[in-house]
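Counting convention: from 1, in listed order, for ligands and their atoms alike. The structure displayed is predicted, hence computed values, not measured ones.
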Amino acid sequence: MTFARPSSRLLDLLRGDEPVLVLTGAGISAESGLATFRGPGGIWEGHEPGSLATPEAFARDPLTVWRFYAWRRARALAARPNAAHEAIAALERRSGEFLLATQNVDGLHARAGSRRVVELHGTLWRLRCSADGSEREDLREDLGPLPPRCACGALLRPAVVWFGEALPAEAFGSAIRAAERARLVLVIGTSGLVHPAASIPVAASRSGAWVVEINPESTPLSEIADERLAGPAAGVLPAVLEAAFGAQEAHR
Ligand code: BV8
């Protein structure tokens with residue numbers, strides 16, 4: 001299967017040592033079998049996003065929200081990183097200044113070997129006490145009776161960012177600073193509908209970065225992209241790295 005050819009500008013930037021920023025969304029985990037949010041068969045299909053991913057929904061019906069997130073944890077645990085996750089980790093190893101900003105909460109980037117990652121929307125793999133906000137990592141397959149409770153008796157919630165909640169200041173700040181310095185931005189597998197994450201590639205474009213969108217569909221971010229590679233990330237990304245570095249070298 002051949003994909004749109006990467007431009008010589010993209011290949012030069014990949015081979016160079018200029019700062020690189022990657023922004024990913026649910027689409028990069030699609031080929032690991034994890035449903036996206038808004039595509040056909042997407043997680044939100046049949047659900048109002050607000051019915052499952054807002055503090056109000058959790059206050060109103062913590063059990064239903066937890067059933068949704070326990071299901072997401074089980075799916076993510078059973079999934080494996082795909083060639084796109086691995087290609088981004090390989091690119092990080094070859095890059096100087098590099099940051100991966102992900103909207104995903106599935107943890108697959110870290111499992112693929114990515115290290116310089118900020119999780120803009122939190123993670124399924126940490127729980128937060130509703131009373132004092134303390135957080136702890138929790139990788140258990142089975143959370144026990146839902147909704148889980150803290151030792152203090154208060155409800156535990158997933159440490160993810162729900163609609164109407166602020167993004168973690170440190171994560172979002174790092175992403176915006178990286179956007180202002182980046183000379184190359186790869187925008188992979190995101191519908192570009194959720195803010196303020198979707199503003200990150202816009203900030204980079206305004207600072208003169210070359211913005212490449214990798215997505216089978218066009219999105220609102222296509223308008224600010226300098227280059228679009230239309231296709232599935234697990235096919236397109238490895239092909240781009242091979243074009244830049246050669247088949248052997250690409251996956252080092
Ligand atoms: C906030 C929870 C303020 C975790 C999520 C400005 C303008 C407009 C609206 C707003 C705005 N500012 C704030 C808002 C409101 C809201 C928002 O953006 N609403 C949108 C929907 C209109 N934003 C917020 O509420 C944010 N908070 O701004 O708070 C504030 C400030 C200070 C103090 C207090 C408050 C919080 C946003 C985070 C919400 N939480 N999820 C979870 O359950 O995962 S959002 C949810 O959508 C996920 O996190 C997901 O990552 C995110 C984005 O979706 P995508 O990742 O893009 O996935 P999607 O399915 O949409 O698209 C998949 C794409 O992949 C598609 O394009 C498809 O074509 C492509 N694809 C498919 N297969 C492949 C592929 N690509 C490549 N390869 C493939 N094989």
Side-chain angles (χ1 to χ4, degrees), residues 1 3-4 22-45 47-58 64-73 75-76 79 81-85 87-88 100-109 118-128 157-169 171-173 175-176 186-202 212-222 225 228-240:
M1 196 177 183
F3 303 104
V22 180
L23 173 71
T24 60
I28 197 166
S29 296
E31 286 155 286
S32 295
L34 297 184
T36 60
F37 287 81
R38 296 168 184 85
I43 299 172
W44 296 127
E45 211 162 31
H47 280 294
E48 241 315 292
S51 70
L52 289 170
T54 61
E56 295 74 19
F58 184 69
T64 298
V65 171
W66 257 115
R67 285 195 178 128
F68 173 57
Y69 281 96
W71 175 74
R72 300 266 306 282
R73 283 168 57 110
R75 307 264 302 125
N82 64 54
H85 295 105
I88 291 172
L100 165 58
T102 186
Q103 299 171 88
N104 299 342
V105 296
D106 55 34
L108 289 182
H109 282 302
V118 290
E119 294 178 310
L120 298 170
H121 293 164
T123 174
L124 292 170
W125 305 113
R126 294 178 65 78
L127 306 188
R128 183 186 307 149
R157 59 164 283 180
V160 299
V161 180
W162 281 329
F163 287 102
E165 293 185 322
L167 274 58
F172 185 61
I176 285 294
L186 304 180
V187 182
I188 309 170
T190 182
S191 58
L193 295 173
V194 173
H195 288 266
S199 64
I200 293 166
V202 178
V212 180
E213 181 177 50
I214 297 174
N215 192 324
E217 312 285 334
S218 56
T219 73
L221 291 174
S222 304
R228 263 187 52 70
L229 298 175
V236 170
L237 258 177
V240 168

remark   = For Ala30, the atoms of ligand 1 under 4.0 Å from one of its heavy atoms are 73 (N)
request  = Select the closest option to atom 45 (S) of ligand 1 among Tyr69, Phe68, Trp162, Phe163, judged by heavy-atom distance.
outcome  = Phe163
inquiry  = Counting only heavy atoms closer than 4.0 Å, does ligand 1 sit against the backbone of Val236, its side chain, both, or neither?
reply    = neither
Atoms in ligand 1 with a heavy atom of Glu31 nearer than 4.0 Å = 78 (N), 79 (C), 80 (N)
request  = Could you list the atoms of ligand 1 found under 4.0 angstrom from a heavy atom of Gly189?
outcome  = 63 (C), 64 (C), 65 (O), 76 (N), 77 (C)
remark   = ligand 1 to Pro232, heavy atom cutoff 4.0 Å, flagged ligand atoms 78 (N), 79 (C), 80 (N)
task = Please test Thr54 against Phe58 for side-chain contact (heavy atoms from CB on, under 4.5 Å), starting from the C-alpha separation and ending with a verdict.
result = CA-CA 6 Å; Thr54 61; Phe58 184 69; over 6 Å; no
Contact (N/O only, under 3.5 Å) between Ala26 and ligand 1 = yes
remark   = Ranking Gly25, Ala166, Ala234 by closest non-hydrogen atom to atom 30 (C) of ligand 1, top hit is Ala166
query = With no hydrogens and no angle check, is any side-chain donor or acceptor of Asn215 less than 3.5 Å from a backbone partner on Thr190?
reply = yes
note = The option among Ser199, Gly27, Ser32 carrying the non-hydrogen atom nearest to atom 71 (N) of ligand 1 is Gly27
key: Straight-line distance of His85 NE2 to Ser32 OG, nearest 0.5 Å   = 5.0 Å
key: Short N or O distance, Val194 and ligand 1, threshold 3.5 Å exclusive   = no
message = Rounded to the nearest 0.5 Å, what separates atom CG in Leu124 from atom CZ in Arg75?
response = 12.0 Å
key: Ion pair check, Glu165 and Arg128, cut-off under 4.0 Å   = no
Close N or O approach (Thr219, ligand 1; < 3.5 Å) = no
task = Give, for atom OG of Ser29 and atom CG of Leu108, the distance between the pair rounded to the nearest 0.5 Å.
result = 4.5 Å
query = About how many Å separate CH2 of Trp66 and CG of Leu127, when rounded to the nearest 0.5 Å?
reply = 4.5 Å
query = Any chance the side chains of Thr102 and Thr24 put a donor and an acceptor closer than 3.5 Å?
reply = yes
ask   = Taking the side chain from Asn104 and the backbone from Gly25, do they hold a donor-acceptor pair closer than 3.5 Å?
value = yes
ask   = Does ligand 1 have an atom that lies less than 4.0 angstrom from a heavy atom of Ile28?
value = no
key: Cationic tip of Arg157 above Trp162 ring, under 6.0 Å, 45° of axis   = yes
ask   = Judging by distance only, is a nitrogen or oxygen of Ala233 under 3.5 angstrom from one on ligand 1?
value = yes
message = Considering both backbone and side-chain atoms of Ile214, is one of its nitrogen or oxygen atoms within less than 3.5 Å of a nitrogen or oxygen in ligand 1?
response = no
query = Among Gln103, Arg72, His121, Glu165, whose heavy atom sits nearest atom 42 (C) of ligand 1?
reply = Arg72
Close N or O approach (Val161, ligand 1; < 3.5 Å) = yes
remark   = Here the gap from Glu119 atom CD to Gln103 atom CD, rounded to the nearest 0.5 Å, amounts to 12.5 Å
query = Pro196 heavy atoms, cut-off 4.0 Å: which ligand 1 atoms fall inside?
reply = 28 (O)
request  = Flag Glu217 as yes when one of its N or O atoms lies below 3.5 Å from any N or O atom of ligand 1, and as no otherwise.
outcome  = no
